[in-house]
A.B. asks: 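First the structure, which I've put down as structure tokens, then a few questions once you've had a look.
Values below: all heavy atoms of this structure, side chains included; hydrogens, waters and symmetry mates excluded.
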Amino acid sequence: METSANNISIALFASTLLFLILGGFAIAFTIIYKKKQQLFKETITLKELEFDNELLNSQVEIQEKTLQTISQEIHDNIGQLLTAAIMTVRTIKTEEPAVLEKLYLADTLLADAIRDLRNLSQSLNTERILEKGFVEAIGFELAVFKQSGIKASFEVLGDPLEILPQKELILFRVIQECLSNIIKHAKAKNVSIIANYLPNKLELSIIDDGIGFDMTKRVNGIGLKNIRNRSKVIGAEIEISSISDEGTRIKLTLST
């Protein structure tokens with residue numbers, strides 16, 4: 001009888017042990033499976049982010065090549081044609097006051113067109129912007145921007161950091177996009193750009209005193225989308241705030 005009871009105890013112990021072992025395997029398998037599943041999801045997410053970044057980089061690269069081509073075309077062809085036209089106008093000899101007045105007007109208009117095209121060509125020329133450097137390129141861009149009749153100021157705070165030229169180029173394109181939007185939509189009288197260099201980051205602010213816009217309606221506009229996409233390419237954080245009749249502020253923060 002005692003032997004039978006011992007056998008039953010041993011059997012129960014063995015069954016319990018086996019159950020615990022199998023349960024442990026089941027729990028371990030579940031944990032490993034969930035970890036692998038989570039790792040798989042993280043890998044997919046990372047691949048998607050990498051793909052999105054590569055796509056954005058490709059888009060920016062294509063845009064820069066297009067701008068470079070347009071810049072070259074303006075310089076080599078349109079600029080030369082206008083220069084030839086103004087030289088032709090200046091060779092015309094006449095004593096008639098009415099004709100002289102028209103020739104003078106044509107000469108002035110052609111000279112203005114050549115100047116504006118030269119400025120546009122330089123603004124689009126990637127290599128020239130990189131040669132000038134970020135701060136000087138912004139100063140030149142604002143000098144051209146002021147021809148729109150809008151007052152503009154540029155302030156540099158702190159000691160400039162060493163930033164990759166390609167990142168500076170994209171920041172410059174963001175500024176161009178902002179200034180273009182201001183001319184088209186803002187009805188602003190004043191614009192200020194502030195480049196605040198901190199120990200490990202650059203805070204770039206573009207501020208206007210225009211009519212502002214409704215953030216819920218204009219937040220997905222093409223101009224703002226381009227700004228966001230370019231900022232994403234270089235890993236810059238972007239803050240956009242606008243108040244009706246008070247203006248708009250766009251702030252980019254680029255960590256180095």
A.B. asks: Which atom pair, heavy atoms only, marks the closest approach of Ala188 to Ile150?
C.D. replies: O-CG1, 3.6 Å

A.B. asks: Return yes if some donor-acceptor pair links the side-chain N/O of Ser180 with the main-chain N/O of Gln176 below 3.5 Å, else return no.
C.D. replies: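 No; zero donor-acceptor contacts below 3.5 Å.
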
A.B. asks: Restricting to pairs with a member in residues 189-210, which pass salt bridge (Lys or Arg N to Asp or Glu O under 4.0 Å), not counting sequence neighbours?
C.D. replies: Lys201-Glu203, Glu203-Lys251

A.B. asks: First locate atom CZ of Phe145, then atom CD1 of Ile183, and finally report the distance between them rounded to the nearest 0.5 Å.
C.D. replies: 5.0 Å

A.B. asks: Does any N or O in the side chain of Thr248 come within less than 3.5 Å of the main-chain N or O of Gly212, such that one atom is a donor and the other an acceptor?
C.D. replies: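 Not confirmed, Thr248 side chain does not pair with Gly212 backbone.
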
A.B. asks: Tell me whether Ile182 is reachable from Ile240 by hopping between hydrophobic residues (I, L, V, M, F, W, Y) whose side-chain heavy atoms are closer than 4.5 Å.
C.D. replies: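 Shared cluster, yes.
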
A.B. asks: List the steps, then state whether side chain to side chain contact (heavy atoms under 4.5 Å, CB included) holds for Asn196 with Leu198.
C.D. replies: CA-CA 6 Å; Asn196 185 18; Leu198 300 172; 3.8 Å; yes

A.B. asks: Atom CG in Leu254, atom CG in Leu164: separation rounded to 0.5 Å?
C.D. replies: 9.0 Å

A.B. asks: Going by side-chain hydrogen bond (donor to acceptor under 3.5 Å, both in side chains), name the residues that satisfy it together with Glu168, two or more places apart in sequence or in a different chain.
C.D. replies: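 Partners of Glu168 under the side-chain hydrogen bond (donor to acceptor under 3.5 Å, both in side chains) test: none.
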
A.B. asks: In Å and rounded to the nearest 0.5 Å, what is the CZ to CZ distance from Phe140 to Phe154?
C.D. replies: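 One gets 14.5 Å once the value is rounded to the nearest 0.5 Å.
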
A.B. asks: To the nearest 0.5 Å, what is the distance between CG (Leu171) and CG (Leu202)?
C.D. replies: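 If I round to the nearest 0.5 Å, the distance is 6.5 Å.
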
A.B. asks: With sequence neighbours excluded, give me every salt bridge (Lys or Arg N to Asp or Glu O under 4.0 Å) pair touching residues 146-159.
C.D. replies: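 Every candidate salt bridge (Lys or Arg N to Asp or Glu O under 4.0 Å) pair involving residues 146-159 fails, so no pair, neighbours aside, qualifies.
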
A.B. asks: Side chain to side chain contact (heavy atoms under 4.5 Å, CB included), that's the test. Do Leu252 and Ile250 meet it? Break it down for me.
C.D. replies: CA-CA 7 Å; Leu252 290 94; Ile250 295 178; 3.9 Å; yes

A.B. asks: Output the distance between atom CD1 (Ile170) and atom CD (Glu177), rounded to the nearest 0.5 Å.
C.D. replies: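 Interatomic distance, Ile170 CD1 to Glu177 CD, rounded to 0.5 Å: 13.5 Å.
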
A.B. asks: For Thr253, what residues pass the side-chain hydrogen bond (donor to acceptor under 3.5 Å, both in side chains) criterion, not counting sequence neighbours?
C.D. replies: none

A.B. asks: In sequence, state the C-alpha distance, the side-chain angles, and the governing distance for Ile138 and Glu141, and then conclude on side chain to side chain contact (heavy atoms under 4.5 Å, CB included).
C.D. replies: CA-CA 5 Å; Ile138 293 175; Glu141 191 67 20; 5.5 Å; no

A.B. asks: Among the clusters formed by ILVMFWY side chains lying less than 4.5 Å apart, do Tyr197 and Ile193 turn up in the same one?
C.D. replies: yes

A.B. asks: With ILVMFWY side chains joined below 4.5 Å, transitively, what does Ile207's cluster contain besides itself?
C.D. replies: Leu157, Ile194

A.B. asks: What distance do Phe134 atom CZ and Lys167 atom NZ have between them, rounded to the nearest 0.5 Å?
C.D. replies: 13.0 Å

A.B. asks: For Glu237, I'd like to know if atom CD has over 12 heavy atoms of other residues, nucleotides or ligands within 6.0 Å.
C.D. replies: no

A.B. asks: Report all side-chain donor-acceptor pairs from residues 100-108 shorter than 3.5 Å, counting only partners two or more places apart or in another chain.
C.D. replies:
residue, atom, partner, partner atom, Å
Asp107, OD1, Arg90, NH2, 3.3
Asp107, OD2, Arg90, NE, 2.5
Thr108, OG1, Tyr104, O, 2.9

A.B. asks: Is there a path of hydrophobic side-chain contacts, each under 4.5 Å between heavy atoms of I/L/V/M/F/W/Y residues, joining Val233 to Ile163?
C.D. replies: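 Ile163 clusters together with Val233.
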
A.B. asks: If every non-hydrogen atom of Leu161 is compared with every non-hydrogen atom of Pro199, which pair is closest and at what distance?
C.D. replies: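 For Leu161 and Pro199, the tightest heavy-atom pair comes out as CD2-O, 3.7 Å.
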
A.B. asks: Going only through I, L, V, M, F, W and Y residues with side-chain contacts under 4.5 Å, is there a path from Val156 to Val191?
C.D. replies: yes

A.B. asks: Shared ILVMFWY cluster between Val135 and Val174, side chains joined below 4.5 angstrom?
C.D. replies: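 Per the 4.5 Å side-chain linkage, Val135 and Val174 are co-clustered.
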
A.B. asks: Looking only at heavy atoms, which two atoms of Ser205 and Arg249 are closest? And how far apart?
C.D. replies: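 So the minimum-distance heavy-atom pair works out to OG-NH2, 3.4 Å.
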
